[in-house]
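Lettering follows sequence order; numbering is per chain, from 1.
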Amino acid sequence: MGRGTAVTAQPVQRLVDEFAKLPGIGPKTASRLAYFMLRGSREDATALAEAILEVKERIRLCANCFNITEADPCGVCADPAREGAICVVEEPLDVVALERTGQFKGRYHVLHGAVSPVEGIGPDKLRIAELIERVKRENPDEVILATNLDMPGDATATYLHKLLVPLGVNVTRPATGLPAGGDLEYADEITLGRALAGRRAL
Amino acid sequence: MTAPVVAPVPAPIPLNERLYRTEAVVLSRLDYGEADRILTVFTPQRGKLRLIAKGVRKPTSRLGPHLEYFTRCGLMLARGRDLDTVTGAETLDPHLGLRSDLDAFGHASHVAELLLRLTEDRQENGRAYELLVGSLRLFADGVDPFAVTRHFELNLLAALGYKPELYRCAGCEEPLAAVVNAFSPRLGGFLCPLCRTTDASAFPLSVTAQKYLRTLDRQGLAAVARLPVGDGLKTELEGALGGYLRHLTERELHSLRVWHALKDGAPAG
């Protein structure tokens, strides 16, 4: 509740404040969205409100892979054709990205973040204990550590590797290299170095 | 082994009113909007800066890879109304060794966290920058991070004007004797057995731990790196400096706690 309450009607200000809580939305954008909703039809407003309530009521985490799902276990975990490997990712959106490739026929495990010491996110805040239990239980052929290729993602992968190796499972990490459509000249040293180290015969 | 001497960095060259160039180390990142990031960096002449880097989360971003955590980079910046914008970036030292070494990564996070919590935006501190760059280099080289981190902590405190008093009692100002004295985070120094009761929150520190701190202060990193340090002494020193730093930042510091969790293996639960 800012000082704007004097000129802005209380319910409008409340909507602005709610929008301003969303990631990447500042006070200006929040006002714009609120006034857009105010001018729009009642149906549009109801549809948005119901959609928000519905995800909160019907969506939960799969007890097996911790992806967001309507049914528990989720579609991927329930599919008997999907087996063999577990692909570990940071966020549910990473599952969507990997599914778009159509290349992976195993199951997923969503950690819900990566290790970040400065923010106080340690292994206990991620679904790591659950992953270890799952690997012991399912005994997969391979665990692919598809955390992001940045410092926290690499640290998370290093930590998981340390925990998984004693379980005797094959642990891999996706290759790093040049992006499709990328220009060699603009590649950074790390990516280019890794791309060279991991080169393949044509 | 000594902290590498960092080559003097030329003063920022004003390219025009809006653009300027600086060296920087990335301390933290925050995803913003569709593909942008807000970075907090530490620079030699401008201290801590908050910057916006646009489009860097896209895989084809030319800037993105140079703006990784703990990377020492050269930046081209454009002045903005609120945050300055990154318009160009090149890697000077990626500190690759931090990526596969959890001890190095955990301690690098700790030194970054201290600069984030203890320094003010746009407050120049060349000595703090030098300490940061020197420590990250040693962590990346796989040097035992214990001594490097204590050296960073003690010298950062000095560079910020918070150096703890190691030689005289913070109560009666008499020289400290070679006995168990109590360290008081509140007073920023030791209390002799007679003044011990001045601060109930002061905790005792062994003679060896006190000697370690004085050697570090007088003779520097190379001298303490040679000392044999057992686990008990490590806990004592980490606790003493950590207690003082916590008192100054007025908040919990997370990095070393997370590092201990990573080191100890299997997560709880």
Side-chain angles (χ1 to χ4, degrees), chain A residues 22-26 29 91 93 97 111 114-133 136 148-167 173 176-183 185-194, chain B residues 26-34 36 40 57-71 73 82 89-91 93-96 98-102 104-110 112-114 116-117 252-269:
Chain A
L22 301 177
I25 306 279
T29 311
E91 300 293 343
L93 278 174
L111 295 174
V115 167
S116 177
V118 175
E119 274 114 56
I121 301 171
D124 53 321
K125 298 256 170 78
L126 307 170
R127 301 286 183 177
I128 288 178
E130 291 89 342
L131 172 66
I132 303 303
E133 282 311 307
K136 283 180 187 161
N148 284 340
L149 289 144
D150 56 7
M151 194 74 82
D154 274 347
T156 310
T158 305
Y159 178 68
L160 289 176
H161 180 250
K162 190 174 84 170
L163 296 186
L164 289 167
V165 161
L167 303 181
R173 184 116 169 91
T176 40
L178 300 165
D183 207 331
E185 180 188 345
Y186 288 111
D188 64 292
E189 294 82 341
I190 300 180
T191 309
L192 199 52
R194 284 183 182 171
Chain B
V26 180
L27 298 181
S28 85
R29 315 194 304 194
L30 182 71
D31 288 353
Y32 183 78
E34 192 77 5
D36 307 343
T40 307
R57 277 149 65 206
K58 292 182 190 156
T60 46
S61 166
R62 286 175 200 169
L63 297 179
H66 303 289
L67 301 172
E68 179 59 271
Y69 280 93
F70 312 132
T71 296
C73 50
D82 180 20
E90 57 172 343
T91 299
D93 188 344
H95 298 122
L96 263 188
L98 301 178
R99 287 177 172 251
S100 50
D101 181 342
L102 292 173
F105 171 71
H107 286 83
S109 300
H110 175 64
E113 186 176 12
L114 292 181
L116 286 168
R117 305 288 174 247
E252 236 10 82
L253 293 166
H254 299 299
S255 297
L256 288 182
R257 182 178 51 77
V258 171
W259 165 65
H260 279 290
L262 290 173
K263 189 171 59 124
D264 295 343

Check step by step if side-chain contact (heavy atoms from CB on, under 4.5 Å) holds for B/F105 and A/D154.
-> CA-CA 10 Å; B/F105 171 71; A/D154 274 347; over 6 Å; no
Which atom names give the shortest non-hydrogen contact between B/L102 and A/A155, and what distance separates them?
-> CD2-O, 3.4 Å
If one checks every heavy atom of B/L116 against chain A at 4.5 Å, the contacting part turns out to be side chain
Within a radius of less than 6.0 Å around CZ of B/R117, do more than 12 heavy atoms belonging to other residues, nucleotides or ligands occur?
-> yes
Atom OG1 in B/T71, atom CG in A/D150: separation rounded to 0.5 Å?
-> 10.5 Å
Under a 4.5 Å heavy-atom cut-off, does chain A meet the side chain of B/L96, its backbone, both or neither?
-> side chain
Side chain, backbone, both or neither: which part of B/R257 has an atom under 4.5 Å from a heavy atom of chain A?
-> side chain
Nearest-0.5 Å distance, CD of residue B/E68 to CG of residue A/L149 | 9.5 Å
Chain B contact via A/I121 - side chain, backbone, both or neither, heavy atoms under 4.5 Å = backbone
Most contact-rich option vs chain B, by heavy-atom pairs under 4.5 angstrom, among A/G120, A/G122, A/G153, is A/G120
Which value, rounded to the nearest 0.5 Å, describes the distance between A/M151 atom CE and B/S109 atom OG?
-> 8.5 Å
A/P152 side chain reached by B/Y69 side chain, heavy atoms, under 4.5 Å | yes
